[in-house]
Amino acid sequence: MGETLRVLMVASEAVPFAKTGGLADVIGALPKALQEVGVEVKVLMPFYGQVKQSQVPVTCVAENLEAGEGPLRLAFNLLTPAAGDYPFYFVERDEFYERSQLYGTPRGDYFDNLERFAYFAGTVLPVCQSLTFKPDIIHCHDWQSALVPVYLKHKWSAVPLLQGAKTLFTIHNLAYQGLFAKDKFPLLGLDWSLFSIHGLEYYGQVNLLKGGIVFADAVSTVSRGYSQEIQTPEYGYGLEGVLRSRAEDLFGIVNGVDYRDWNPETDKLIPATFSRDDLRGKAVNKKALMEAYGLDPGFQEAPLLGMISRLADQKGFDLVAAVLPELMARGVLVVILGTGEQKYHDWLQEIAPAYRGKLGVKIAFDNPLAHLIEAGADMFLMPSRYEPCGLNQLYSLKYGTIPVVRATGGLADTVTPVDPMRGTGTGFLFTEYSAAAFIKAINAALTAYRNKTLWTKIIQNAMAEDWSWQTSAQTYLKLYQRLVSGPRERS
Ligand code: ADP
C-alpha cells in the first residue's frame, strides 16, 4: 500500500443523484468525510433515468467498455458529473437503468433486477482498468453490489490491478437480500459449485446478499446494536447463522449526519432558521408545516407529531394505525410523509379524510417537505420493528424534534431516554413491539411537553448532540487499515 489509501465505493444510490433511503445519504456524505481524513475515494453508481432527466451535466470518460457474462456480455459508457467534491462515476446502460424508479414500482420489483445488478457489479473491473485505478479497498453496499466480493475472489483474483484489493461489505438493511430463482444463476458467470450452502444458495434460491457476507474480507452494518441483533433469529432473516460464522469480521459503525444539509441554523429549505439558544424559528416552521398540510390553525399549541418514512412493514405502521384514533381523539396533530407499498398508500388515503385538520398525509418523496417536518414538528415517531441505523431520529435530534422510538438497532444506540426528574436525555423509547408500549412512550412525551421548562431542556439536550460523519469516517479508516495490513487471509 502506498501512503494514501485508495477506496472504490460501489453503491446503487447516492445523494444528490438518486435516493430511496438511508443508503443514499451515506454514499452522499461518507466519501467526503473519508477524503477529509486523507483517503482517496471514487464512487461508482448506475446512471438511472432520474439522474438523466435531472440533467446533471455529465461528461463521458470512456465509451463501449465491456462487462458481464454470456448473454449479459454488453457494452456500457462510463460517465462523470461535471462538478463534485470527489470523483464520481456512472455506469450508463440504458436498458438496465433508464427506468422511472431504482428497483421497482409500488407493485413490485423489476423482473430483471438480477441482470441489472449483476451487470453493475461486473463493471467494477473494466472501470478500474479504464481509470487505471488500483484500489486498496472496494467498499460495497447492500445486495445490489454484493457480487463484487464474489467476483473479486472467484473471477478476478488473477488480475494484477485488483490483486491485494480487500473488500468491505456494508449491510444497510438485512431484509433486502436480492433473492432470485435458481435458473438465473448462470447469468452471474460463476461456477455452479458456488451455488451451495457455503456460497450463494439460500433455500433453493440465489441470494446475492449472502454472497457478499460470505466472500467479503469484512462485513459491517450501520450500528453496533444492529450488528449484534442480526446474529439472532429474530433479526437475522434466515442469515443469522452465516453472520455468526463471520462474527470475528463483523463490525457495527453508526452512520453520521451531513450537517451541511441537515442543520437548523443554516437550512435553506425551511422558512425560519433556529438554534439551540434561540428556538423562536421553530414556531414559525410549525405554522408553515401546519399550513402545508392544511391542518387547523387553531391547534398551533397542540403537540405536532411527525413521520417521514418509507411505507414498509419495517417502519411500524401497524402500531401507528393502532394508536392513531386515540391520538386524534386527544387533539394531537400528526403529519406523515412517505412512499412505499401500495397497501399503506391505500390505508393512509382512506383514513386521512376522517381526521381532516388534525392528520396530514402526503404520499410522495419530497425532500423540502422532509426538512419542514424536521423543523416544524414537536416530536418524531419511529416505532420500527427493526432499524439498522435510522437517520431521521438523528436529524430530529439536531432540529429539536424529540424522537419517540422503539429501542432497537441504531435507534437504541442513538436516542438516550429522558429522565424527567433530572432533565436529562434526548428522547422517549419503548421496547416491546406493541401498541400499548408505543402509546405509553408517546404519553410520557406528551406529559413532558406540557412542562415547558422540561421540554426546552430536552430540546436543548437533543440539539447539543453531535452525530457528524467525522467520528464514523475515522472508524471506517481504521477498519480499512486493518484490512489492508491484516495478516488474516480468507480462502
Ligand atoms: P431507511 O433507509 O430505512 O429508509 P433512514 O431513516 O435510514 O431509513 O433514512 C431515510 C432517509 O430517506 C432519510 O434521509 C429520510 O429523510 C428520507 N426519506 C424517507 N422517505 C422520504 C420521503 N417520503 N420524502 C423525503 N425524504 C424521505
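Both ligands and their constituent atoms are indexed starting at 1 by order of listing. Being a predicted model, the structure only gives us computed values, none of them experimental.
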Do you know which of Thr167, Leu147, Val148, Leu200 makes side chain to side chain contact (heavy atoms under 4.5 Å, CB included) with Phe215? Leu200

Which residue holds the protein heavy atom closest to [atom], what is that atom called, and what is the gap in Å?
atom                    : value
atom 23 (N) of ligand 1 : Ala364 O, 2.7 Å
atom 16 (O) of ligand 1 : Asn392 OD1, 3.1 Å
atom 24 (N) of ligand 1 : Asp366 N, 3.0 Å
atom 4 (O) of ligand 1  : Arg310 NE, 2.8 Å
atom 7 (O) of ligand 1  : Leu391 N, 3.4 Å
atom 10 (C) of ligand 1 : Gly22 N, 3.8 Å
atom 22 (C) of ligand 1 : Phe365 CD1, 3.5 Å

What are the atoms of ligand 1, with element, lying closer than 4.0 Å to any heavy atom of [X]?
X      : answer
Gly338 : 23 (N)
Asp25  : 11 (C), 14 (O)
Lys19  : 11 (C), 12 (O), 13 (C), 14 (O), 17 (C)
Tyr395 : 13 (C), 14 (O)
Gly390 : 6 (O), 7 (O)

Could you check, using the six-membered ring where one of them is a Trp, whether Phe430 and Phe438 have ring centers closer than 6.0 angstrom? yes

Strictly under 6.0 Å, is that where the ring centroids of Tyr237 and Tyr386 end up? yes

For a side-chain hydrogen bond (donor to acceptor under 3.5 Å, both in side chains) with Tyr395, tell me which candidate from Asn263, Asp258, Asp25 qualifies. Asp25

Quick one: look at Ser309 and ligand 1, take heavy-atom pairs under 4.0 Å, and tell me if it's side chain, backbone, both or neither. backbone

Proximity of Lys315 to ligand 1 by residue part, where a heavy atom lies under 4.0 Å: side chain

Would you call the rings of Tyr48 and Tyr103 parallel, tilted or perpendicular if under 30° counts as parallel and over 60° as perpendicular? perpendicular

With under 30° as parallel and over 60° as perpendicular, where do the rings of Phe317 and Trp347 fit, or are they tilted in between? perpendicular

Asp296 and Arg356 ion-paired at < 4.0 Å: no

Is the shortest side-chain N to carboxylate O distance from Glu115 to Lys184 below 4.0 Å? yes

Counting N and O atoms only, with roles assigned by atom type, does the side chain of Gln55 sit under 3.5 Å from a partner on the main chain of Lys52, one being a donor and the other an acceptor? no

